[in-house]
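Notes for the one structure printed next.
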Amino acid sequence: MNELSIAVRKLDPNAQLPVRAHHDDAGADLISNEDCVIAPGGRALVGTGIAIEIPHGYAGFVHPRSGLAAREGLTVLNAPGTIDAGYRGEVKVILHNTDPDSSVTINVGDRIAQLVIQQVSLPRFEDAESLSSSAREAGGFGSTGRNRKGEN
Ligand SMILES: O=c1ccn([C@H]2C[C@H](O)[C@@H](COP(=O)(O)OP(=O)(O)OP(=O)(O)O)O2)c(=O)[nH]1
Ligand SMILES: [Mg+2]
């Protein structure tokens with residue numbers, strides 16, 4: 001089941017390892033190692049107090065938590081934040097308070113975001129004169145319309 005293990009180094013003795021609420025959850029909650037207040041519309045770079053060693057061929061993605069988003073308008077500004085395999089610095093979360101009226105208070109120990117570890121391809125990028133044809137070709141940005149029939 002959980003063959004993959006990831007070394008986590010506490011940069012602060014009070015820091016906490018990511019917490020998976022259920023054994024089969026994709027996301028492991030990241031715990032704030034800082035107190036802060038995020039003003040309406042504001043953002044904050046919040047430390048987790050941990051550094052991690054993600055294996056080659058994997059990456060970590062910092063996603064928002066839906067409860068905080070629904071209840072408080074709190075999201076991850078750069079969602080999903082990317083944690084590269086070679087990164088050994090502190091994992092930080094860029095929180096964004098989208099609420100126009102209320103501040104959000106973060107306390108040490110709060111679960112502020114969730115970390116998803118995924119396998120990633122590490123392709124080389126090759127200069128090419130042409131690309132193969134496809135059904136979509138260059139259509140994008142709403143080219144298929146707004147309703148299910150592809151009209152409008
Ligand atoms: O939400 C995030 C996003 C990134 N990082 C760390 C890990 C990641 O490996 C590193 C660089 O992230 P990214 O490549 O997104 O930032 P950049 O602005 O391109 O910085 P760099 O020039 O260092 O790559 O910062 C975090 O701790 N949290
Ligand atoms: Mg980068």
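Ligands are counted one by one from 1 in listed order, and the atoms in each one are counted from 1 as well.
Here Val76 has no heavy atoms under 4.0 Å from ligand 1, in either its backbone or its side chain.
Proximity to Glu90 (heavy-atom distance under 4.0 Å) selects the following atoms of ligand 1: 27 (O). Atom numbering of ligand 1 starts at 1 in the shown order; those under 4.0 Å from a heavy atom of Gly81 are 1 (O).
In the hydrophobic clustering of this structure, Val108 does not group with Ile31; members are Ile, Leu, Val, Met, Phe, Trp, Tyr whose side-chain heavy atoms approach within less than 4.5 Å, directly or through other members.
Not close to ligand 1: Val93, with no non-hydrogen atom less than 4.0 angstrom away. Residue contacts with ligand 1 include Val91, since one or more of its heavy atoms lies under 4.0 Å from the ligand.
For the pair Leu115/Thr48, no side-chain contact is recorded, criterion being any heavy-atom separation below 4.5 Å from C-beta on. Proximity of Ile38 to Leu74: side-chain heavy atoms (C-beta onward) are separated by under 4.5 Å at one or more points.
Atom CZ of Arg88 has more than 12 neighbouring heavy atoms from other residues, nucleotides or ligands inside a 6.0 Å radius.
Put simply, atom 1 (O) of ligand 1 has protein non-hydrogen atoms near it, under 4.0 Å away. Remark: atom 27 (O) of ligand 1 lies closer than 4.0 Å to at least one protein heavy atom. Closer than 4.0 Å to atom 24 (O) of ligand 1 lies none of the heavy atoms of the protein.
Residue Tyr58 comes nearest to Ala85 through the heavy atom pair O-CB, 3.6 Å, listed as atom of the first residue, atom of the second, then distance. Of all the heavy atoms in Ser102 and Asn97, the pair that sits closest is O-ND2, 2.8 Å. Taking both residues in full, the closest heavy atoms of Thr75 and Pro64 are given as OG1-CG, 3.5 Å, listed atom of the first, atom of the second, then distance.
Atom 11 (C) of ligand 1 has its closest protein heavy atom at Asp84 OD2, 4.0 Å. Atom 15 (O) of ligand 1 has Thr82 O, 4.3 Å as its closest protein atom, hydrogens excluded (heavy atom only).
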